Amino acid sequence: MTDLLAVEGLGVEFDGGRGRGLFGRRLAGVRAVDAVSFSVNPGELIALVGESGSGKTTAIQAAARLLQPTAGTVRFQGTDLHGTSKKEMRALRRQIQLIYQDPYESLDPRYRVERIIEEPLRVHGVGSSRADRRELVLQALREVGLSPPESFLDRMPHELSGGQRQRVSIAAALVLKPALLIADEPVSMLDVSVRAGILDLLDGLRRKGLGIVMVTHDLSTAAHYADRIAVMYLGRIVETGPSRAIMTDPQHPYTQALLAAVPKMQRRTGTRALLQGESPDASAMPTGCRFHPRCPIAVDECRVVDPEIGPTGTTPGHQAACLLRRRTPTD
Amino acid sequence: MTTPLLEIKDLTVDFRGRDESLKKIVRGVSLTLNPGERMGLVGESGCGKSTLQLAAMGLLPPNAEVSGSVLIDGVDILAGGEASMRAHRGTDLAMVFQGAMNAFNPTRTVGSQIVEAMVVHGGTSKRAAQDRTRDLLGLVGIPPDRAERYPHQFSGGMRQRVALAMALANHPRVLLADEPTTALDVIMQAQILELLEKLTKEFGLALLLVTHDLPIVVETCDWAAVMYSGRIVERGPIDEIHQQPTHPYTRLLFATVPGPDVDQRVASLPGVPPDASEEPPGCSFAPRCDRTIDICHNTRPQPGPIGPRHIAECHVAVPTRTRPAVREGDSDD
Amino acid sequence: MNRARYLGRRVGAALLTVWVAVTFNFLLLRLMPGNPTNRLARVPNGSEAVRKELVKQFGLDRPLWEQYWAYLRELLHGNFGISFTDQQPVSEHLLLALRNTLPMVALGTVVAIVLGVATGLLAAWWRGHPIEKLITFVSMFFYSLPTQWLGLMLVLIVSVGWGLLPSSGLHDPGLLAAKEIGLPVSDGAMLRDRLVHMLLPSATLALVLFGEYTLLVRSSLLETFGEDYVLTARAKGLRPRTTLLRHALGNAMLPVVTLVALSFGFIAGGSVLIETVFSWPGIGLLTYEAIQARDYPMIQGTFLVITFSVIFFNLLADLLYARLDPRISS
């Protein structure tokens, strides 16, 4: 069976400099994403987790062909996305939809909800008549739990709460009946109290067969909703595997540090065991393992050898890019 | 009964609109805080938690109408007007904001801005202030020679540390922090929280931490106050609030936090928070509440005791017959 | 990027722009059909022999690149060519016009900037108060007036009505005549006379220009007031006035610097409208007349003067920016 989306060895390098004016230098020769591979099947939710600057957003932008990668391939239903013509890509765009972090900026404040959701239909020439399209819009509104759907058609974005706005942007993505949904931090701008509602909605869509890639900085949210998690650090996936394995048996020292830093619902005794410093700029990439300068268990070899990702832990599919956490073959 | 370090009494904030209409934001909030104590103030956006802090600092815009009192060691600092308020800012009450990124004037070195915080209150020479700036930076874990750098030369986490150093410049006694870690990554967030804990312990600083993140409160605070629609609907020791949340709103808030068990469902709150201006006759949470009784819809609940220092505003959690006749003084033992 | 590299890049970019403008200026006339001697057809006795002699004299028979070098060489020596209208060097016309234009327009611009920044500051300080509304209204009012109309109205009221200030020209004709026939006229009297004549045109310019500054300074300040560092400054215990002067004003002035540079850059261009209304023999009037007469060398001359001036002041603004905003040069 071919994966819905298969990303292989993806690399994105910003050559910066020219055309970026005064601030170009910062990006000069920066490898934002390096050898990133992951795949999504229909009905599966994959979470890319990482801190700011980890390259998670760049990775999905390259995966959706919003950016030109410098290495690797992206296959959607078996078709090489970066090898297709613009015309073919236009048809494929219908199948791959994106939703963004900030529902206050992703909706045009001058348009009514109906127009916002209808627009993708017009762009792709779906629906033969106005009535046709309205039916599709109502269906999408119903699907994202805005009811009664008719009452939302004439509303303006500023009349909606944050959660409702994000539902509208999801409706605008769903109205084209895509096979893959890419969600970039879909709840981080929303109130805690409504986050679960949006995530439950995505979960429901996944159960109906949609493939979802979700980018988030919140490991605990990812763990509750994703089938698999990929933890990114400085442009690379350092650990990946089933959510439960990542949460209960994290192998890479960075994942362990991330989990340790997440505030727990319990009173703490003593001080936090903390990773010191912060992740360096991607333009100052450390040699060897990119995590070694902050790693509590690094050995000399880590300074020289850049570890490949490989099997770790006890769960099938659990992989880490750490020299010290390789699974040793038992047989 | 000893006088608490910080006592906010019946604080109410209204904003007067251009058309002279009143927008009610904070409705009669009271709380107390002692040296070295940390209190987390939680609630959904728009519940008035940030406004409450700004009101205590006297930093609201001119169209805000504030009533009630903010007492430091029993002295009302709001009573003397802007000029006297100014003397308390930075010295008694200091504040760090959510926008760690923008807490500094981008065109001046961070050192000069910390020095300014000291010199403005008089009694300190520029030289002495510069020396203390270096000490302060060291205290928050920034190499002291970075004082000569400009704000954009620091990362977000570093800048929040420097902002903390600046807030501490005049040995304040109460620190108000408005979502100080929201813009930061988790590891940075943990470092800042660790630092806040250290500072409260070392200097007996009282901390009023506004956050939307309940686990942070459970992990770092001694007290929790839950705000809903301009009111504190429940407050008490964090262990009690966490283990036996009494108010249905508190309970639901805790249920929205993803727990360690990945199979456990995460709840979301139905509906949207009301506008505090609308003030229904009954409980403002009643429309979203899952255990209302008749009285909830027509009578506003008054604060009632749950435990010795634990109170809630809820008809169901605190039945009327157990209510004491007098409202004042029920929060202290 | 360090400061020296930033400065180097800015200066380099400015020089490059100057070169492009100069080259464009050179090519413009060569690319047009015919050559300057074509006009001789209309001159009596303008025989083919005369034309050929002229082509040779002007070097028009030489290769283009040779002409280009000659052009650059002459330009470096301040030779802008000969005016078609009166066969006098363009540079002399330009110098004379600049001498008239610069003081008048500079005075107007400076007054406009000072007035605009002051009113903008007041408007921002008194936001929501009737004072703000009054300032905004007045500045918008003058900003929206047609320049020449305002000039004429000022002439009507101040000169014709009240008889306070002269209505046009550089000098009092009587004074000039007196000097002409050898009567003793002191330099001080001449200077005073020039200043008196300058007041109305400068005032007109200041009035139509200042509103733009008022609005920009006001909105820029209001934006800065909303910044966290302004709130932080007040949380430290700073007075509102100190906060404004130390933290808000500096940052709010950053966009204003650009507008100031732009205004200064255009000073050398004079003001066609004002110079026409007040018969002020400045660069604006010169440009206007050159265009009317299709005096190409003159048009090119004024074009180059304005270009140099705009580029120069933009460079100055860039350098100033780097001083004011540490984020730019690091």
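In what follows, every chain begins at residue 1, and chains take the letters A, B, ... in the order their sequences are listed. Everything numeric in this text was worked out from a predicted model, so none of it was measured.
A salt bridge links C:Arg234 and B:Glu82; the closest N-O separation between the charged side-chain nitrogens and carboxylate oxygens is under 4.0 Å.
With a 6.0 Å radius and a threshold of 12 heavy atoms from other residues, nucleotides or ligands, C:Met153 has its CE atom above the threshold. Shown here is C:Tyr321, whose OH atom has more than 12 heavy atoms of other residues, nucleotides or ligands within 6.0 Å. A 6.0 Å sphere centred on CD of B:Glu65 holds more than 12 heavy atoms belonging to other residues, nucleotides or ligands. Heavy-atom contacts from other residues, nucleotides or ligands closer than 6.0 Å to CZ of C:Arg239 number 12 or fewer.
Considering all non-hydrogen atoms of both residues, C:Pro240 and B:Arg86 come closest at CD-NH1, 3.5 Å. Of all heavy-atom pairs spanning C:Pro326 and B:Thr107, the tightest one is CD-CA, 3.5 Å. Between B:Pro106 and C:Arg327 the shortest heavy-atom distance is CB-CZ, 3.4 Å.
Using a 4.5 Å cut-off between heavy atoms, B:Leu176 makes no contact with chain C at all.
Contacts with chain C were tallied for B:Thr109, B:Asn105, B:Asn63; B:Asn105 has the most, counting heavy-atom pairs under 4.5 Å. Comparing B:His121, B:Met118, B:His88, B:Glu116 by how many heavy-atom pairs each has under 4.5 Å with chain C, the most go to B:Glu116.
By the 4.5 Å heavy-atom criterion applied to side chains, C:Tyr229 and B:Pro151 are not counted as neighbours.
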Review item, side-chain donor-acceptor pairs of residues 254-267 of chain C, under 3.5 Å, at least two apart:
residue	atom	partner	partner atom	Å
C:Ser263	OG	C:Tyr213	OH	2.7
C:Ser263	OG	C:Leu259	O	3.0

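Panel note: side chain C:Lys236, backbone B:Ala94; no donor-acceptor pair is recorded below 3.5 Å.
Note that CG of C:Leu231 is 11.5 Å distant from CG of B:Asn102, once rounded to the nearest 0.5 Å.
Within residues 244-253 of chain C, the residues having any heavy atom closer than 4.5 Å to a heavy atom of chain B are C:Arg246, C:His247, C:Asn251, listed by residue number. When the heavy atoms of residues 141-149 of chain B are compared with those of chain C, none of the residues falls under 4.5 Å.
For B:Arg132, there are no salt bridge (charged side-chain N to carboxylate O under 4.0 Å, His left out) partners, not counting sequence neighbours.
When each of B:Met166, B:Gln113, B:Met95 is checked for a side chain to side chain contact (heavy atoms under 4.5 Å, CB included) with C:Thr232, only B:Met166 meets the rule.
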